[in-house]
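Only this structure's heavy atoms are used, side chains among them; waters, hydrogens and symmetry mates stay out. Since the structure is predicted, the reported quantities are computational estimates derived from the model, not experimental observations. In what follows, every chain begins at residue 1, and chains take the letters A, B, ... in the order their sequences are listed.
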Protein chains: 2
Amino acid sequence: MADRAGQRRIPEATVARLPIYSRALLETAEAGVGTISSERLAALAGVNAAKVRKDLSYLGSYGTRGVGYEVDHLVHEISRELGLTQDWPVVIVGIGNLGHALANYRGFGARGFRVAALVDADPTKLERKVAGLRVEGLDALADVVAQRDVSIGIIATPASAAQEVADLLVEAGVRSILNFAPAVVSVPEGVSLRKVDLAIELQILSFYQSHPPDRLVDESTETVREAQG
Amino acid sequence: MADRAGQRRIPEATVARLPIYSRALLETAEAGVGTISSERLAALAGVNAAKVRKDLSYLGSYGTRGVGYEVDHLVHEISRELGLTQDWPVVIVGIGNLGHALANYRGFGARGFRVAALVDADPTKLERKVAGLRVEGLDALADVVAQRDVSIGIIATPASAAQEVADLLVEAGVRSILNFAPAVVSVPEGVSLRKVDLAIELQILSFYQSHPPDRLVDESTETVREAQG
DNA sequence: GCATGTGAATAGATTCACAGCG
DNA sequence: CGCTGTGAATCTATTCACATGC
């Protein structure tokens, strides 16, 4: 009942876990296993079984009681829900160390993401070939987005340029942005924004390292203790 | 006060925002501003004012009613809480494209994080200098961690090596790990683990791009579902 | 019998709204 | 007054526990 009238609202936390299940399921399928229990999938994903079942129930009832989930079917349903059945051209803005690494990242292609363009504001970088693509000027951004139907923008610039680049991306029609710059960026409603910030991650780790997690207190960041696959 | 009897438990969500406040406050201090309101800090951090006040209240009562917070003081208190008053030597394992970029990332030094060593399993990479450091073999990991007092390990290897490297890091005494490899890694209790996963971030964006921000019947509800955080 | 699917219970985070105090 | 600090209300997420149905 995941379609038509009964349209379920999938919780944000669940959406964030679907890609993890997806990856685990693909590996499972590759190993030739046809069926998987919530228990097993949970172990592979590093969560507990109740969460897996609840998460999957938002997609519909794709399991079989007493048996488990059919791996291939589940992969398909999750991919469909995540929108991975279509192609998502990506533009990377800022071709410094990080942009370089991202451009060469294998795994883009793997699930329908394709680096369609590399853009940098620095004229000395233009025309350079990175990962088989020519670096283009920031002024070409709007055209590139329109012509290559770019739907996701990745910001890998210094912090000082991040907001400006985000504005340009939005103006060009991009509705999903992944920000690697260490800066708060704001976007209008209707545009999705996620951020990856190394400095923040390290500081969070620093906090938990400074605050002994021993018995009485918290389950810090993600102190998983579990078998793996 | 974070000491003495009243030991406050700082929520995980708050911990994750403290570095953002910290950054915003440092920029504010640099601009010569001495006092800041929760409203202003909230704007800089991309959250709302109530959240800022609640978050800061967990650290203690450092504001002045009718006035705001003294910027320098707040920077100091947050740094202390995050454990940024001390030095955190970091080891990066896996010197491929990403490890390379991370090694060259400026901003490590900025807040007490210092790349103390680079390690890679590939013998052809050994002895190479990256960001001024010599790449060392995986077999040197335990010694390096012990001798240079490494407290944080960054995994930038392929997925297939991630769990093994995590095990080695833990065995060597590292209690904080940041995993960039696209794999679920598990660590024993007492070890903090955070992950940064490009493929997952892209898939989450794909979901929201595929699921239009459904307009509800009632226009009073702001259907914002962004990602920050 | 056994693992899913899901209401109900619990825990956690956010927001509201206003008392309290400089 | 104005802005902080915080209980109370709300919203979101997780976990429990068991009825359900292959």
Item to complete: For Lys54(A) and dT12(D), give me the distance from atom NZ to atom P, rounded to whole Å.
Response: 15 Å
Worksheet entry | Glu12(A) CD to dT14(C) C1', straight-line distance once rounded to whole Å | 13 Å
Practice prompt. Under 4.0 Å between any heavy atoms, over every strand shown, what does Arg17(B) touch: base, sugar-phosphate, or nothing? Just pick one.
Written response: sugar-phosphate
Worksheet item: Quick one: on DNA chain D, does Lys51(A) or Arg65(A) contact a more 5' nucleotide (nearest heavy atom)?
Response: Lys51(A)
Discussion item. Please determine whether a side-chain nitrogen or oxygen atom of Tyr69(B) lies at a distance below 4.0 Å from atom OP1 or OP2 of dG5(D).
Written reply: yes
Practice prompt. State, with a plain yes or no, whether a side-chain heavy atom of Pro89(A) is found less than 4.5 Å away from one of Asp87(A).
Written response: yes
Worksheet item: Nearest-Å distance, OH (Tyr58(A)) to P (dT12(D))?
Response: 11 Å
Practice prompt. Rounded to the nearest angstrom, tell me the gap between atom CZ in Arg53(A) and atom C1' in dA13(D).
Written response: 16 Å
Practice prompt. Could you tell me the separation between the CD1 atom of Ile36(B) and the C1' atom of dT4(D), rounded to a whole number of Å?
Written response: 14 Å
Worksheet item: Below 4.0 angstrom from OP1 or OP2 of dC22(D), is there any side-chain N or O of Thr64(A)?
Response: no
Worksheet item: With a 4.5 Å heavy-atom cut-off, do Val196(B) and Leu198(A) have their side chains touching?
Response: no
Discussion item. Quick check on DNA chain C: between Pro11(B) and Ala49(A), whose nearest nucleotide comes earlier from the 5' end?
Written reply: Ala49(A)
Worksheet item: Given side chains that start at C-beta, do those of Lys54(A) and Lys51(A) come closer than 4.5 Å, heavy atoms only?
Response: no
Fill in: Presence of Asn48(B) side-chain N/O under 4.0 Å of dT14(C) phosphate oxygens OP1/OP2
no
Item to complete: Grab the CG-C1' distance between Leu74(B) and dT4(D) for me, whole Å please.
Response: 12 Å
Worksheet item: Would Phe207(B) and His211(B) count as a close aromatic pair, with their ring centres under 6.0 Å?
Response: yes
Discussion item. How many whole angstroms separate atom CG of Leu56(B) from atom P of dT15(C)?
Written reply: 15 Å
Discussion item. In whole Å, I'd like the distance from the CD1 atom of Ile10(A) to the P atom of dA13(D).
Written reply: 12 Å
Response to the item:
5'-most contact on DNA chain D (nearest-nucleotide basis), Ala13(A) vs Gly68(B), goes to Gly68(B)
Discussion item. Tell me whether the side-chain N/O atoms of Ser37(A) come closer than 4.0 Å to OP1 or OP2 in dA3(C).
Written reply: no
Fill in: Straight-line distance of Leu205(A) CG to Trp88(B) CH2, nearest 0.5 Å
10.0 Å
